[in-house]
Amino acid sequence: MLITFEGIDGAGKSTQIKKLVTFLTGENREVLTLREPGGTEVAEKIRQILLESRHEISPIGELLLFSASRAELIQEVIVPALAVGKTVILDRFFDSTTAYQGYGRGIDLHLLQSIISISTCGIVPDITFYLDIEPEEALKRKFSKTSIPLSFENEELDRMERSGTEFYQNVRKGYLELISLNKDRFVSINALQPETVIHHQILAFLKERFPA
Ligand SMILES: Nc1ncnc2c1ncn2[C@@H]1O[C@H](COP(=O)(O)OP(=O)(O)OP(=O)(O)O)[C@@H](O)[C@H]1O
Ligand SMILES: [Mg+2]
């Protein structure tokens, strides 16, 4: 089974993935957790290029780098893991590409779709949890544990995170549109709720959709 988590930076994806992995492992399920971009030696190198803030990268270059990283991960790791019955949990997958590079950077959505199909070998998640939060709230969260001044232009943020409020608002709009187009696959959760409440909602949805 392939489970993906989506949402803007700071929505709480990593927090919820950790809780879910603990739960599933306790149920004796074999779980593999991966983050995008990354997950193979080559893909981790691509991740460094994408997130290091000193690089200027064009929108198409960014799209192709994300897609190259994904192609490596799919072929080397995800397909073999699914084939032996593992539960694969992904921290971001191709919906991030549609939301960030499509709605955020403005790349044509049809073009994106073709590149996504090529890089994923047509693999689609069984279920996608989208954690919904306003960009400003997510930013506050990310900075709540530091004394860094709150701003999207802050040098402490990675290259993607410094793209600004309007960019993140467009990304969120993109996610909301994706959900309305893929209601069977997406579960949208209010990310402002307490962590444990969200965790139990996730478990309840999994039980409802996959009773066995
Ligand atoms: N439900 C919640 N309520 C309040 N704070 C939360 C909640 N979930 C996560 N947080 C806190 O918000 C911050 C961001 O959470 P987390 O790292 O899980 O988000 P993320 O979606 O993985 O972000 P990124 O995309 O940057 O990796 C962390 O400090 C985390 O402890
Ligand atoms: Mg995270």
Side-chain angles (χ1 to χ4, degrees), residues 2-24 31-39 43-44 46-53 62 65-66 69-70 73 88-105 125 127-176 178-179 186-206:
L2 178 59
I3 303 170
T4 61
F5 280 78
E6 294 284 350
I8 62 170
D9 310 59
K13 301 177 295 298
S14 303
T15 304
Q16 291 304 323
I17 287 172
K18 218 168 137 193
K19 286 184 186 295
L20 181 59
V21 170
T22 305
F23 173 82
L24 292 174
V31 184
L32 178 66
T33 316
L34 301 159
R35 65 170 182 189
E36 275 220 344
E44 287 293 332
I46 298 173
R47 179 186 178 92
Q48 284 172 12
I49 299 172
L50 278 165
L51 300 183
E52 269 179 27
S53 52
E62 181 181 280
L65 282 167
F66 271 114
S69 158
R70 179 167 303 140
L73 187 67
V88 179
I89 301 181
L90 286 183
D91 192 336
R92 299 193 177 283
F93 195 35
F94 62 73
D95 296 309
S96 288
T97 302
T98 312
Y100 281 72
Q101 279 68 51
Y103 290 88
R105 301 272 191 240
I127 190 163
T128 300
F129 291 104
Y130 167 69
L131 299 173
D132 188 45
I133 191 167
E134 294 274 356
E136 293 297 336
E137 287 298 322
L139 190 69
K140 270 190 227 160
R141 251 184 207 184
K142 285 205 80 126
F143 282 82
S144 68
K145 289 176 182 158
T146 69
S147 53
I148 306 166
L150 194 119
S151 154
F152 273 111
E153 276 73 48
N154 199 293
E155 294 279 327
E156 296 290 322
L157 295 176
D158 73 35
R159 199 184 58 82
M160 293 300 296
E161 289 168 337
R162 283 167 58 189
S163 300
T165 314
E166 199 189 331
F167 172 78
Y168 275 97
Q169 272 158 358
N170 288 333
V171 171
R172 178 168 181 249
K173 258 189 246 159
Y175 272 129
L176 297 178
L178 274 176
I179 291 163
F186 268 101
V187 175
S188 178
I189 293 180
N190 175 1
L192 291 177
Q193 302 176 99
E195 289 172 17
T196 47
V197 171
I198 297 174
H199 175 59
H200 285 108
Q201 285 176 352
I202 289 171
L203 295 186
F205 275 115
L206 281 174

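Counting convention: from 1, in listed order, for ligands and their atoms alike.
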For ligand 1, the portion of Leu131 having any non-hydrogen atom under 4.0 Å away: neither
Is there a polar contact between ligand 1 and [X], counting only N or O atoms under 3.5 Å apart?
| X | result |
| --- | --- |
| Gly12 | yes |
| Leu192 | no |
| Pro194 | no |
| Asp91 | no |

Indicate whether any N or O donor in one side chain lies under 3.5 Å from an N or O acceptor in the other, for [X] and [Y].
| X | Y | result |
| --- | --- | --- |
| Ser69 | Glu36 | no |
| Thr97 | Arg92 | no |
| Glu134 | Gln169 | no |
| Gln101 | Glu62 | yes |

Within less than 4.0 angstrom of ligand 1, does [X] place any heavy atom?
| X | result |
| --- | --- |
| Ala11 | yes |
| Lys18 | no |
| Ala138 | no |

Per-atom contacts of ligand 1 with [X], taking only distances under 4.0 Å to non-hydrogen atoms:
| X | value |
| --- | --- |
| Thr15 | 9 (C), 15 (O), 16 (P), 18 (O), 30 (C) |
| Ala191 | 1 (N) |
| Ile198 | 1 (N) |
| Ser14 | 18 (O), 20 (P), 22 (O), 27 (O) |
| Arg92 | 25 (O) |

Mutual orientation of the aromatic rings belonging to Tyr130 and Tyr175 [parallel < 30°, tilted 30-60°, perpendicular > 60°]: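 Because their plane-to-plane angle lies in the 30° to 60° range, the rings of Tyr130 and Tyr175 count as tilted.
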side-chain contact (heavy atoms from CB on, under 4.5 Å) between Asp91 and Thr33, intermediate numbers included: CA-CA 8 Å; Asp91 192 336; Thr33 316; 5.8 Å; no
Contact check: Ser14 to the Mg ion (ligand 2), N/O/S below 2.8 Å: yes
Among Gln16, Gln193, Arg141, Glu137, closest by any non-hydrogen atom to atom 13 (C) of ligand 1: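 Checking each option, the heavy atom nearest atom 13 (C) of ligand 1 is found in Arg141.
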Validation row: Leu20, Val31 side chains within 4.5 angstrom (heavy atoms):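 In short, these two side chains do not touch, never coming nearer than 4.5 Å.
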Minimum side-chain heavy-atom gap Leu203-Phe23 below 4.5 Å: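 Leu203 vs Phe23: side chains touch.
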Charged tip of Arg105 within 45° of Tyr100 ring normal and under 6.0 Å: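 Because its charged atom misses either the 6.0 Å distance or the 45° angle limit, Arg105 does not stack over Tyr100.
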Pair Lys18 + Glu195, salt bridge at N-O below 4.0 Å: no
